[in-house]
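Remarks on the structure that follows.
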Amino acid sequence: MVTRKTPQQIKREILDFLFEGPKGNNEIAIKIGSNWPTTNSYLEKLKEEGAVNEILITDKMKVYRRTDDPVYYSIPFNKEIRMKTLYILKEIEQKWKKERGIELSKTALQKIAVDVIKSCNLNLPILNFHYGMTTCASFDSSNQSILNLIGEPKDKTEIIDCINKVLEDKEHTGIAYQEREYQYKKYNLPFYSSKEKLTKLFLSKNKNKSGNKEFNLGIQKALLDLSLNFPLKLEKLYSDFEEFVSNAQIVLLNPNNEIQNLEIIKGTLVQLWDKLTTFTSFNDSEQFIDKENKQLFEQIRELNLNFKEMNYKGYIEELESVAQETNPFEIKMPQGSSSEEIQKLILEGLENE
Amino acid sequence: MRYFLDMNLPIYFCLQIGNNLEEKAKNFVENKKDHIFLLCDYIASINLPKWLKRQKVILFEFNQKIQNKDYVLFSSEQSEVLFSQDKILTNRLVLNYNDAENKKKFVENTNQIFNLLQARVSYFIKKYIDNIVVPDSEINFELKSCLFTWLTPNDSDARTIASAVQEHNNERLTIITSDKQHWTKELLEEVHNDSRLLKKYPLLPKIEYLQDYRP
């Protein structure tokens, strides 16, 4: 006798399938053994319940994902990558809690997991995300629905050994900012260190007792430090970065710079950083994408990069207009012999055009 | 008077070295009064933006090299846009940095000068240029080719001077430049050695040199 699946079972089946990554409605229909209209009605119901949403809509198909998809940007990594990454995150969190009796911050969890993946040479993606290197997924121990789906990988014993070794490292304090700083130092990530310093400086503005001039000078130096540490692998986005730095420097050099302009600089930096690290995250993911998911991966990448670009554009245009209000001739060129030497070199280059 | 500006003039004006040409450029601009300053579209939309872009790449290369000794200069993709003189400039900047007593200050100054220069050039165009003339697509090919014969391999100068000659035939202008070597009366007269060009451009603009400028 054939037993019909209940609507609840079908919806569960769809959600379990989407745990493996975003899927097109055709794939979902095949998986649950239903025709399109039936599948679509279940997907609509799940959408109304807030359990799924469309990540892509084309003329021919819709691609769905779980709204609680733990993978960043819902990048279509295969099931094994997703499962193993989440398993590592879950084990670290549980072990930390068991041994130290406190919850591990999300940042610290990611930093420790990266150490595990690297020290054990596990073939899993590590993304250069906005707060340094992370795994490809976030972990939420309160999401029982996801927790139930995390199975044990074949190399469980090796992974557990590895986690134990990494947790012996006393530099892992579990405190978010210390974990970030430790990772940036350990893996030589000066661009991230510079960004961290700049962010701290912005945050210190409210506490800052010194005058605006001194604060501006501090921001200028931190921006220069960021420029000097700009990584070659981000070269494709250098013109965006340079556009931000040069406009911000002009605003900061303006002796009449107003406090609200700092907010514009800060906001633009946040959007720029988001754009840069989305770019790197997708680049770092690319090699781990199965052939059959390459097209979907590219579509998701394009969608995200366009979105970040749009956000950034609004901010940089505002910063540019503030910079353009500044008369750059009111800002003196640096004084001294080295300044003259540099300008003479520029002039020689021009005269040899 | 309508002055047609060579590309070097805005840059002299934007620098702060204290040399003779810079002083002359500053005097010239500050005595603008009712004079009209013209820039051709080729300089405003193509040559100057390209030059500024190359300055950004020079700064990128400099910053990469001083931060990482192992970085091979000009190994970035964007450095493909650099001309040989840009590479010489980058190398000399790095050499000067190596010799600098206060390296930190040298880096700060370099970054500030390159950033400020970009902003100043853009501001100069906005504030002092009254008209951008002769769309690049409308530069007369025969006229440009004639000038290029004598200016080879400097296509930029050929386009710029051709723009000046064309605009002069719409309304009188005077060219102002610091390039005494190439931008000469004799060069302009070559245009009239071609009968068709003579017919089309019967009048040639006067050239004044920044070096000789008296307010």
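Residue numbers begin at 1 in each chain, while the letters A, B, ... track the order of the sequences.
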Measure distances from [X] to the heavy atoms of chain A and classify the residue's part below 4.5 Å as side chain, backbone, both or neither.
X: B/E77; result: both
X: B/N8; result: both
X: B/L93; result: both
X: B/Y71; result: side chain
X: B/N19; result: side chain
X: B/A119; result: both
X: B/K126; result: side chain
X: B/L117; result: both
X: B/Q55; result: side chain
X: B/D157; result: neither

So which of [options] has the largest heavy-atom pair count under 4.5 angstrom toward chain B?
options: A/Q335, A/E340, A/Q343; value: A/Q343
options: A/L224, A/L350, A/L253; value: A/L350
options: A/N229, A/N327, A/N247; value: A/N327
options: A/K236, A/K344, A/Q249, A/Q220; value: A/K344

Query raised in the report: Any chance CD of B/E189 has more than 12 other-residue heavy atoms, nucleotides or ligands included, within less than 6.0 Å?
Result: yes
Query raised in the report: Would the number of heavy atoms belonging to other residues, nucleotides or ligands and lying under 6.0 Å from OH of A/Y238 be above 12?
Result: yes
Any donor and acceptor pair, going by atom type alone, linking the side chain of [X] with main-chain N or O of [Y] inside 3.5 Å?
X: A/T280; Y: A/N128; value: yes
X: A/K111; Y: A/Q178; value: no
X: A/E351; Y: A/I346; value: no

Query - Residue that, paired with B/D130, satisfies side-chain hydrogen bond (donor to acceptor under 3.5 Å, both in side chains) out of B/R2, B/H35, B/K32 - result: B/K32
Report summary line: Only residue of A/T326, A/N216, A/N261 satisfying side-chain hydrogen bond (donor to acceptor under 3.5 Å, both in side chains) with A/N254 is A/T326
Report task. Using the six-membered ring wherever Trp is involved, compare the ring planes of A/Y184 and A/Y192 and label them parallel, tilted or perpendicular (cut-offs 30° and 60°). Result -> parallel
**Report entry** Between CG on residue B/D99 and OH on residue B/Y97, distance to nearest 0.5 Å
**Finding:** 11.5 Å
Report summary line: Counting heavy-atom pairs under 4.5 Å with chain A, the top scorer among B/W51, B/F106, B/F60 is B/F60
Report summary line: Ranking B/K56, B/R54, B/M7, B/K105 by heavy-atom pairs under 4.5 Å to chain A gives rank one to B/K56
Query raised in the report: Using non-hydrogen atoms only, which part of A/S337 is less than 4.5 Å away from chain B: side chain, backbone, both, or neither?
Result: neither
Query raised in the report: Any chance the side chains of A/Y73 and A/T278 put a donor and an acceptor closer than 3.5 Å?
Result: yes
Query raised in the report: Is there a side-chain contact between A/S246 and B/Q118, using heavy atoms and a 4.5 Å cut-off?
Result: no
